[in-house]
Asker: 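Just dropping this structure here.
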Amino acid sequence: MAQERFASHLRTWLAPVGVILLVGGLLAAAVALSSAAPIPLGQHSPRPWYVLAMLIPLYAILLLVCVYLLRHYWFTLNRLHGTQRHPYLDIDTADWPEVTVLVPAHDEEPVIAAILSALLEVDYPPGRLHILPIDDRSRDRTGEIIDGFAARHPGIVVPFHRKKGEPGKAAALRDAMKLVTTDIALVFDADYMPGHGLIKQLVAPFFDPEVGAVMGRVVPHNVGQNLLTRLLDLERTGGYQVDQQARMNLKLVPQYGGTVGGVRCRALESVGGWRVDTLAEDTDATFRLLRGGWKTVYQNRSECYEQVPSTWPQRMRQVRRWARGHNEALWAHAGHLLVGPRTCFREKLDGWLLLNVYVMSPVLLLGWLLAMTLWYLGETRPGLIVILLVTSYSALGNFAIFFEVSAASYLDGSRARVRLLPLIMLGFLVGLFAISHETLLQILLPRRPGARVRWHKTEHPHTINHEGDE
Amino acid sequence: MTLILAVVGCLVLFLGWAALPLLPSLIEARRRTDIKPLRVVRASDVDIRHFATAFQAWVEDHLGKPLAASRAGGGPVEGRLDDGTPYLALPDGATPALVTLPTGPASCGAVILGSGDLNLPPRALFPHETYADGSVEVGEQSVCRAILAGGDLRLGRGCWSLRWLHARSTLLARESCALHGRASADVSMRLEEGCRFERLHAPTVAFGMPVPPTPAAPALEPYKAKDVPNLVEDAAGRWLVRQRLEIPAHRLVTSDVVVTGELRVGAGTRIVGSLKSHGDLTLAEGVVVDGSIVAGRDLSVGRGCDIRGPVVAERDGRIEAGTQLGSADRPTTLSARCLEVEAGSVVHGTVWAHGGGLVLPRPRAADPATGPVKGSN
């Protein structure tokens with residue numbers, strides 16, 4: 001027992017010690033390189049004010065990027081060597097509570113039947129699972145298909161036809177929640193394919209009275225479609241297998257992702273319900289629950305297939321929507337989070353860093369702009385450029401940095417696909433500019449309070465069967 | 001011209017050298033050797049009977065004929081599988097013959113099939129799976145890889161199972177058995193003192209002989225939110241408490257309780273809700289919890305407690321005698337890293353001890369007939 005505890009302590013402290021060594025090394029390198037051309041004692045550097053005005057933000061940006069870099073190293077080391085937390089995975093026998101599964105569907109004719117069929121086959125006590133498909137202003141046969149299921153499974157499939165109202169998933173969920181009578185509501189997008197035991201796995205964490213939301217792992221299904229889907233598969237792997245699970249391990253802030261997950265209705269109601277004036281109702285819910293003292297739990301082994309975007313325009317729209325929604329959550333919660341009484345210090349810190357993830361893209365570009373401008377102004381500091389180069393390389397990718405993707409592929413046991421890792425830079429660079437563009441637009445042309453959100457739906461042309469083939 | 005060629009040559013060489021690290025990427029992008037989605041369905045993780053069910057299907061597919069011959073003819077049937085592994089189909093009530101080597105224990109190196117009841121001799125090694133249509137009796141200090149019993153399964157003192165056990169009826173593990181891996185029964189299971197275990201499942205899992213229920217608690221005094229020190233929030237049916245909380249004895253709490261530090265609940269208190277602590281969680285004797293319990297660190301459950309929902313401890317757990325978890329109509333899960341359970345406790349449902357569990361002998365004071373029981377408050 002003592003040996004086991006010692007090993008556990010060792011595993012726990014390995015990551016922090018590694019990170020501290022890394023920080024030390026980076027700082028030492030920075031100091032060494034920055035002071036490559038020392039100014040003689042007694043002489044003041046004749047720096048103009050505008051050089052200083054650029055130099056100070058550059059140092060700040062560098063510090064910020066280093067913080068993110070270290071955070072991601074910490075996560076990766078923890079995932080590889082730390083103690084893994086799956087506290088609710090063992091709950092396979094219980095008096096399962098009633099649960100409602102919401103399936104928002106806007107023009108989802110090709111996929112809606114598959115998910116409803118899958119939900120009807122899941123392992124959950126009869127009479128305790130209610131399926132509530134939301135026909136959200138569909139113009140195709142989505143509503144008709146849903147009605148067919150409701151007629152064949154009365155009392156289990158209860159359709160909600162939403163003919164008018166604000167666009168967007170959040171608005172659809174808010175309206176549908178009026179029909180939910182259970183305390184737990186799970187949400188699946190229409191193109192997802194829940195497995196046989198998934199509902200129980202997602203409900204299990206709600207036995208913990210502190211849990212307000214739960215999130216499962218999203219696994220791309222259309223991996224082989226083209227290079228983009230393969231790169232997105234790697235990105236998702238890093239984001240869930242390493243980033244989310246490490247935050248779960250370290251008791252930080254795992255994020256509710258809006259699908260393959262669910263919420264405790266009374267918890268969400270107590271913090272204001274679904275917000276409809278945002279493009280990222282999931283991030284917003286995560287942070288409002290956090291500020292209200294409710295935890296979000298990530299279940300890495302509760303996996304569900306999804307279809308990732310297969311064209312670059314689709315991907316760009318998705319990234320821009322995420323960036324805009326995430327940044328809205330940043331404006332709404334960053335300040336409150338830091339002073340709230342219901343969160344501990346580590347949650348405040350990680351939550352704040354999480355909120356700023358998308359802002360880091362334009363910040364990184366700004367850093368490069370400042371560094372290059374200073375270079376041409378004669379403020380040549382090769383140390384700063386080298387550090388910026390290294391940290392930029394390792395800080396690209398928001399939720400899935402290069403080494404996180406590598407570690408995740410290793411953990412998943414998928415060896416060949418990780419060879420595509422260098423090409424993921426392509427996706428990261430596209431994301432970097434798309435996010436920066438969207439953030440800049442958000443700053444320059446902020447949405448008026450109360451104005452409607454523009455919702456771009458991701459198309460799902462294929463269906464998925466249970467064997468995982470299209 | 002030579003200069004131009006040299007420059008172009010150098011440029012090509014440089015570009016080729018620079019692109020060399022991309023070669024595996026480009027090859028993989030072109031060959032598409034790893035384009036299948038990750039497999040996400042793991043029935044073996046979810047269903048404790050997975051191996052038993054799969055073994056049953058395997059027996060029917062591969063050994064159905066010899067088993068049927070044994071059932072019909074009454075004599076033993078021997079043979080070999082395609083991979084050379086021997087099998088032995090035995091009639092009702094038979095005992096397999098053992099091979100004794102100069103070193104090591106006596107053993108039977110065959111897959112054993114019983115067309116009725118089966119007796120496995122003591123102090124022997126059975127390195128392959130065992131199947132019986134009827135009940136299986138394992139002699140003391142024997143070591144088995146895996147057993148599927150169509151009826152009852154009884155392990156003698158000091159037996160070891162290495163992979164899994166499943167009984168279609170009841171499972172009994174006598175003193176000091178070690179049940180590595182999974183053990184399950186469709187009706188009930190009893191583990192005697194000194195038994196070690198990892199993952200158990202049955203409608204009723206009894207540790208030792210059951211203890212008579214503790215007498216009903218006296219009238220309970222309501223414990224209100226205003227009485228709670230360091231209360232951060234009382235909303236959505238939940239108390240959120242900063243730091244440590246000690247709920248006094250014989251109180252009635254009608255709320256979920258979440259504590260960021262250590263939580264102690266006094267004797268005889270009833271919680272109409274669930275409990276969560278980030279630190280250690282301790283229940284004194286006779287506490288009743290209608291909901292679930294989640295301990296961020298160690299969990300200690302006193303004598304005669306009654307917990308109806310799932311119980312999860314992220315570190316170690318100790319359950320004292322007379323405690324009941326779940327009920328026949330509301331089965332539940334008990335999970336901890338390491339678990340010590342005193343004989344006299346009952347769990348209806350699943351028990352997980354990832355780092356190992358141990359059945360402790362019941363202290364004499366645990367029996368209400370032997371003397372007064374002391375509460376913590």
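Convention: sequence-line order gives letters A, B, ...; per-chain numbering from 1.
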Asker: Can you measure from CG (B:Leu334) to CG (A:Asp90) and round to the nearest 0.5 angstrom?
Answerer: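 Rounded to the nearest 0.5 Å, the CG-CG separation comes to 9.5 Å.
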
Asker: Out of curiosity, A:Glu210 CD to B:Ser274 OG, how far, rounded to the nearest 0.5 Å?
Answerer: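 The CD atom of A:Glu210 sits 12.0 Å away from the OG atom of B:Ser274.
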
Asker: A:Arg419 side chain to B:Leu22 main-chain N or O, any donor-acceptor pair under 3.5 Å?
Answerer: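 No.
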
Asker: Let me know if B:Arg242 has heavy atoms under 4.5 Å from chain A in its side chain, its backbone, both or neither.
Answerer: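 Answer is side chain: those atoms of B:Arg242 sit under 4.5 Å from chain A.
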
Asker: Any idea which of B:Ser292, B:Ala313, B:Gly349 has the most non-hydrogen atom pairs under 4.5 angstrom with chain A?
Answerer: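 That would be B:Ser292.
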
Asker: What part of A:Arg264 is in contact with chain B, defined as an atom under 4.5 angstrom from a non-hydrogen atom: side chain, backbone, both or neither?
Answerer: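 Neither part, no heavy atoms under 4.5 Å.
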
Asker: Out of A:Gly413, A:Ser270, A:Pro341, which one racks up the most heavy-atom pairs below 4.5 Å with chain B?
Answerer: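 Option with the top pair count is A:Pro341.
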
Asker: Which bit of A:Trp96 is near chain B, if near means a heavy-atom gap under 4.5 Å: side chain, backbone, both or neither?
Answerer: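 Neither part.
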
Asker: At what distance, to the nearest 0.5 angstrom, does CG of A:Asp95 lie from NE2 of B:His348?
Answerer: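 Atom-to-atom, A:Asp95:CG and B:His348:NE2 are 13.5 Å apart.
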
Asker: Please check this pair: side chain of A:Arg417 against backbone of B:Ile35, looking for a donor-acceptor N/O pair closer than 3.5 Å.
Answerer: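 Not at all, since once roles are kept as given, no pair shorter than 3.5 Å links the two residues.
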
Asker: State, to 0.1 Å, how close B:Thr33 and A:Arg230 come at their nearest heavy-atom pair, and which atoms those are.
Answerer: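 Here B:Thr33 and A:Arg230 meet closest at N-NH2, 4.5 Å.
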
Asker: Output the distance between atom CG (B:Leu38) and atom OG1 (A:Thr237), rounded to the nearest 0.5 Å.
Answerer: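 So the CG of B:Leu38 and the OG1 of A:Thr237 are separated by 5.5 Å.
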
Asker: Could you go step by step and tell me if A:Arg266 and B:Asp256 meet the salt bridge (charged side-chain N to carboxylate O under 4.0 Å, His left out) rule?
Answerer: CA-CA 13 Å; A:Arg266 68 183 149 103; B:Asp256 290 344; 3.3 Å; yes

Asker: Counting only N and O atoms by type, is there a donor-acceptor contact under 3.5 Å from the side chain of B:Thr333 to the main-chain atoms of A:Thr93?
Answerer: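 Yes, because the side chain of B:Thr333 sits within donor-acceptor range (under 3.5 Å) of the backbone of A:Thr93.
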
Asker: Can you list everything that forms a ring pair (Phe, Tyr, Trp, His ring centres under 6.0 Å) with A:Phe188? Sequence neighbours excluded, please.
Answerer: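 Once residues adjacent in sequence are excluded, A:Phe188 has no partner under the ring pair (Phe, Tyr, Trp, His ring centres under 6.0 Å) criterion.
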
Asker: Just do the salt bridge (charged side-chain N to carboxylate O under 4.0 Å, His left out) check on A:Asp92 and B:Arg199 with the steps written out, would you?
Answerer: CA-CA 12 Å; A:Asp92 59 359; B:Arg199 186 180 174 185; 3.4 Å; yes

Asker: With a 4.5 angstrom heavy-atom cut-off, which part of A:Ser414 approaches chain B: side chain, backbone, both or neither?
Answerer: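 A:Ser414 touches chain B through backbone and side-chain heavy atoms alike.
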
Asker: With rounding to the nearest 0.5 angstrom, report the OG to CG distance, B:Ser25 to A:Leu423.
Answerer: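 It comes to 4.5 Å.
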
Asker: Rounded to the nearest 0.5 Å, what separates atom NE2 in B:His278 from atom NZ in A:Lys295?
Answerer: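 That separation rounds to 5.0 Å.
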
Asker: Can you tell which part of A:Pro220 gets under 4.5 Å to a heavy atom of chain B, answering side chain, backbone, both or neither?
Answerer: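 Only the backbone of A:Pro220 comes within 4.5 Å of chain B.
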
Asker: Tell me the closest heavy-atom pair linking A:Ala416 and B:Glu28, and the distance in Å.
Answerer: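 So the two residues come closest at O-CG, 3.7 Å.
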
Asker: State, to 0.1 Å, how close A:Tyr305 and B:Arg39 come at their nearest heavy-atom pair, and which atoms those are.
Answerer: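 Closest approach of A:Tyr305 to B:Arg39, heavy atoms only: OH-CA, 3.9 Å.
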
Asker: Residues two or more places apart in sequence or in another chain: which of them pass salt bridge (charged side-chain N to carboxylate O under 4.0 Å, His left out) with B:Glu233?
Answerer: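 Scan of B:Glu233 (salt bridge (charged side-chain N to carboxylate O under 4.0 Å, His left out), adjacent residues dropped) gives A:Arg342, B:Arg238.
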
